[in-house]
Every structure is written in C-alpha cells, then in structure tokens.
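One-based numbering along the sequence shown.
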Amino acid sequence: MNGCWLKGIVCSLAAAIVSCGGGALDENPEVRVEARLLATSGMPTLEEIAPYDEALVHHEYEVERVLDGEGEPGRARVARWGVLASKEQEGPGEIGSVGTMTLVPLDGVPGLDTVRVRDDLPFEPDLPVYLDLSQSLAAADAPAQVRYDYRSDFSKRMRTYWLARDQIRLVVTGNSHTGTGVAAREFFLPENETTPVAVNMSPAGSGMDLQCLLVREYLMALPRLEWIVWGVSPRIFNGRTVPCRRHEMFIESPGYRFDREHWEELVGIEDGATEAVTVGDIREATGKGFKYWGWSPARHRDYPEVLDATSEKDILRQCRMDRFIRSEDLWAQFEETVALVTGKGVRLLLFTPPYHPLTARGVSVDVDGTGREAYEEIVERLEAMARENSLVLFEDIHNGGEHDFPHEEFANADHLAEAGAMRLTARLVEIVESHTEVD
C-alpha cells in the first residue's frame, strides 16, 4: 500500500479509509489507471448535506489505459469526496480532461454505506463503481483547537459537554435523525433557556459503536444526569453498518486521546465546585453559529413542500430493497449499555425517529434498507426491554411509516424539517415531564 503524509484533519482518501475502514484496502485490489472525465454530478455544499459533514460524489470516466493492477479499459463510475470533515472539496476538473487515478471497488470498503452520496448521473446498474484513492485532501492548516478536535462537526457538541458537564440533567443522543429532530432546548424550561441542563449529543452518521461509547464513557460520567433520550434508528442494529467509520474517526481523534490521558482530572470535579455555565458562556467558546443546546435543524429541503410525482418516485426508490443483516453482537452491545444506564438509576426514553410517511409503502421501512420483518423484531425487543425495566420507556414513533408527520414536515426522506422537529420534541418533552419526579 502506498504511504502518505498527514497534515491537519486528513491527508488523502487512502489515509482516511485506512484509518476508518480497518485495512479495507489490503482486501481490495488497487488499480492505477489513465482516465478521461465524461460526466459529473454537482458538487454539494455543506448546507445541502446538513446534518452530515461529509459526502461522496459520483462522476463518470472512460478508462483509457490500465497502468498498474488488473482491469480493463471502458466506462466506469468513480466516487470522490465532495465534502469531508466539514470542508468542501474541489471538483474533478473539466469534462474531457485526462488524468491518472488509483481506484478500488467502492462496495468493498466497509463503512461507506453510511456516507451521503450525490449522484446526478443516469442510472446504469451494470457500470462498475470505484473509489478514487488519489484525490488530494490536504488541509492547509492544523486545527486551531486540537484539544477539542474530535474529527467532525461533533467537536462543538463535545466542547459544550466539557463546559456544562456538571449541570447537565438530560442528554439527547442517537444519530442525525435525532440530531436534527430533537430540540434539546425545550426540556426543563425555564431553567434550560439560560443555563443549559439539557443538550443534544447526536453524532451524524454514527452507528451502535460510537453511540454506546458516548453513553458509557461520557454520559455516565455526568454527575447530575437524570435522563437519556435515545433516538434508536433501526439502522444501528443492521450488521451492514459495521464497522462504524465515525467510531474509528472519534477514537483516533486528538480530543479523545486527550480525554483518555487526562480522564481522572477532567471528571474529578466535585458537585457544586463550579459556577453555572450560561448560554452566553457556550456561545463565546463555540461561536455564534452553533446551537447552544446541540440542536441544528435541517433547513435545506431536498423536495418541494408540496409532494410531486418525481419526488414521490425518488423517495419510494430509496425504500425499494431490504438490506438488513441481523446482528446479535449489536444487540448485545446495546443491551449492555442500557443495563449500565439504568443500573445507575438514570431513566432512558427510547424512541424510533420518524422517516418520511411514504416509507409505509416501501419494501423497507426506511431509506437505510430495514425490512419490515426486521423492523417488527426490533420494535418487539425494545417493547420487551421497556416492560422488563421500570427505568426504560419506549415509543415507536415511526411505526413503520404509519405516523402523523406529513411530507411538508420533512426536509428529506429521513430527516424532519424544523416544524416537524419541534412537534416531535414536544411529544418527547411531555413524556419526560410526566415521568419526572417533582422534588
């Protein structure tokens, strides 16, 4: 495998995949080619892909010569990074331009099925799809605050965690469906309005590994924690999501390494030893563009507010396949984490975040390929967990697509827009309030 230099956040696509894919390149034959660019997809912006901070873009090439490795000339689709680590990347160049690339089959790289994809090209299922390992992703400068660099836009949520940890009573967690769908600022009002005691710590694109790590290591270290509101997207039980790129990026980050090395001194502050942290304090530390309770609503709409035939067809296309792989290992990790949480007397509200209502008509109940049989099993096991543990509550809000969140309350096929998020939040707030003891 070719070596590379690391500067800033990432150096090259090869390094990013090696660090996040568990040696996937060693298992996939690389091929170096000379290719001519035939067609491109549009380059996404950060606003368009929110709440994610990375996206792959598909382009079409004519492979004219194979310079090294096994392969044949011909047309191929090539995925390149359009956005990575919250940085918009340069496009592939002018149509007709010729260059050399190092490619590897895309479907052989684990973890990339969780990455947002921009593909404007005509559907041609027989064309091979590769990943461009030769794309330069050099960062001009190292991160300004390495201490709080957790290798994604989750870094600001972690900064809020460390600032407010001694006063946090409730944490919302999950992946992007919860990150955009639950406004943590609405819990425990009026106290939370000025002194954050409820925050959203939901890393976009995360799977079971990272979500459980955050709960076990960080949330369980909060001295005043009373509630965890966990948006359980069915995808976290899907064996196809293993390994979790976000987990690997997080544990290799400077921020996490610093936490491990200084853990005792970081969490050793006694209750009442610090003054209350205000919204203003967090704004000063994280920047005015950040939502101080960790919630960032999805503002960019992928579809018109009034559903049209083209949009309906596209959403149903995303739900056309059952791609679920049952994994008892993921269930065991989840159940152990739940037992740890409730064993410390913390209440746990589990819920299925709603996907677009058209999923009710799909083969899968979500755009992640969760088949209906698998979804029913997940719900049954979560219901059983709630019956057997008095500190666990479960709400099947998605209900296989049969819910009361209409099309206009969705920003895209799987994320609520702000209006839908506020309505979902109100429902969760009501549940928490009805089960919170009054001192």
- Tell me, do F237 and F324 make a side-chain contact under 4.5 Å, heavy atoms counted? yes

- Task: Please find out if less than 6.0 Å separates the ring center of W230 from that of F334.
- Result: yes

- Message: Distance check, rounded to the nearest 0.5 Å: M201 atom CE versus F154 atom CZ?
- Response: 4.0 Å

- Task: Give a yes or no on whether the backbone of E252 and the side-chain of R257 come within a donor-acceptor separation of less than 3.5 Å.
- Result: yes

- Task: Take E54 and W81 through the side-chain contact (heavy atoms from CB on, under 4.5 Å) test and state the conclusion after the steps.
- Result: CA-CA 8 Å; E54 60 180 8; W81 289 107; 3.9 Å; yes

- Provide the closest heavy-atom pair for I236 versus V232 in the form atom of the first, atom of the second, distance. CD1-CG1, 3.9 Å

- Side-chain (Q89) to main-chain (K87) donor-acceptor, under 3.5 angstrom: yes

- Residue pair M101, Y61: steps toward the side-chain contact (heavy atoms from CB on, under 4.5 Å) verdict: CA-CA 11 Å; M101 295 185 293; Y61 288 82; 3.8 Å; yes

- Nearest heavy-atom approach of P92 to L37 is CG-CD2, 3.9 Å

- Message: Is it the case that atom CD in E335 sees more than 12 heavy atoms from other parts of the structure closer than 6.0 Å?
- Response: yes

- Note on the structure: Between R157 and G294 the two heavy atoms that sit nearest each other are NH2-O, 2.7 Å

- Message: Side chains of D366 and S364 only: does a donor on one sit below 3.5 Å from an acceptor on the other?
- Response: no

- Can R326 and E328 be counted as an ion pair, charged N to O under 4.0 angstrom? yes

- Would you check if the distance from the ring center of Y218 to the ring center of W263 is below 6.0 Å? yes

- Query: Do H415 and H177 come within less than 4.5 Å of each other through their side chains, counting heavy atoms only?
  - Reply: yes

- Task: May I ask you to decide whether E217 forms a salt bridge with R260, counting only side-chain N to carboxylate O separations under 4.0 Å?
- Result: yes

- Are the side chains of E395 and R427 in touch, meaning some heavy atoms are under 4.5 Å apart? no

- Query: Are the side chain of N238 and the backbone N or O of T370 linked by a donor-acceptor pair below 3.5 Å?
  - Reply: no

- Item | Lys/Arg-Asp/Glu bridge criterion (N-O < 4.0 Å) met for R36, E62 | no

- Any donor-acceptor pair under 3.5 Å linking the side chain of R361 with the backbone of C319? no

- Task: Any chance you could measure D314, atom CG, to D302, atom CG, to the nearest 0.5 Å?
- Result: 8.5 Å

- How far does CG of D396 sit from CZ of F351, to the nearest 0.5 angstrom? 11.5 Å

- Sub-3.5 Å donor-acceptor pair from the side chain of H403 to the main-chain atoms of Y355, do we have one? yes

- Query: Do other residues, nucleotides or ligands put more than 12 heavy atoms under 6.0 Å from E64 CD?
  - Reply: yes

- Query: Short question: side chain of R159, backbone of K156 - any donor-acceptor pair under 3.5 Å?
  - Reply: no

- Query: Considering only heavy atoms from C-beta outward, does the side chain of V199 approach that of Y161 to under 4.5 Å?
  - Reply: no

- Message: Between H407 and Y303, is there a side-chain heavy-atom distance shorter than 4.5 Å?
- Response: yes

- Output yes when a side-chain donor or acceptor of D119 lies under 3.5 Å from a complementary backbone atom of H58, and no otherwise. no

- Backbone N or O of L393 within a donor-acceptor pair of the R347 side chain at under 3.5 Å? no

- Item | Minimum-distance pair of heavy atoms, taken over all atoms of L210 and C244 | CB-SG, 4.4 Å

- Query: When you check the side-chain N and O atoms of S206 and Q211, is any donor under 3.5 Å from an acceptor?
  - Reply: yes

- Query: So which heavy atom on A55 is nearest to which on V115, and how close?
  - Reply: CA-CG1, 4.0 Å

- Query: Would the number of heavy atoms belonging to other residues, nucleotides or ligands and lying under 6.0 Å from CZ of R381 be above 12?
  - Reply: yes

- Message: Using side-chain contact (heavy atoms from CB on, under 4.5 Å), reason through I431 and W227 one step at a time and then give a plain yes or no.
- Response: CA-CA 11 Å; I431 296 171; W227 281 91; 5.5 Å; no

- Message: Side chains of F394 and M385, heavy atoms from C-beta outward: is any pair under 4.5 Å?
- Response: no

- S233 and its side-chain hydrogen bond (donor to acceptor under 3.5 Å, both in side chains) partner, picked from D368, T352, N175: N175

- Working to the nearest 0.5 Å, report the span between CZ of R116 and CG of L56. 12.0 Å

- Task: Could you grab the distance from atom CG of L266 to atom CZ of R165, nearest 0.5 Å is fine?
- Result: 8.0 Å

- E402 side chain vs N399 backbone, donor-acceptor pair below 3.5 Å: no

- Message: As an exercise, state the distance from CG of L225 to CD1 of I168, rounded to the nearest 0.5 Å.
- Response: 8.5 Å

- What's the shortest heavy-atom distance between F250 and L213, and which atoms? CE2-CD2, 3.7 Å

- Query: Quick one: are I251 and D209 in side-chain contact, heavy atoms under 4.5 Å?
  - Reply: no

- Step by step, would you call R317 with F123 a side-chain contact (heavy atoms from CB on, under 4.5 Å)? CA-CA 12 Å; R317 177 187 59 79; F123 181 60; over 6 Å; no

- Message: Does either side chain, that of Q333 or that of D329, offer a donor lying less than 3.5 Å from an acceptor on the other one?
- Response: no

- Message: Does E72 have more than 12 heavy atoms from other residues, nucleotides or ligands lying within 6.0 Å of its CD?
- Response: no

- Aromatic ring centroids of H398 and Y375 under 6.0 Å? yes

- Query: Under 4.0 Å between a Lys/Arg side-chain N and an Asp/Glu carboxylate O for R118 and E48?
  - Reply: yes

- Parallel, tilted or perpendicular: which fits the ring planes of F410 and H356, with parallel below 30° and perpendicular above 60°? tilted

- Under a 4.0 Å N-O cut-off, is there an ion pair linking E60 with R77? yes

- Do side-chain atoms of T359 reach the backbone of G362 as a donor and acceptor pair under 3.5 angstrom? no

- Query: Side-chain contact, heavy-atom cut-off 4.5 Å: V57 with R80?
  - Reply: no

- Query: CD of E430: more than 12 outside heavy atoms within 6.0 angstrom?
  - Reply: no

- N200 versus S202, side-chain donor and acceptor atoms under 3.5 Å: yes

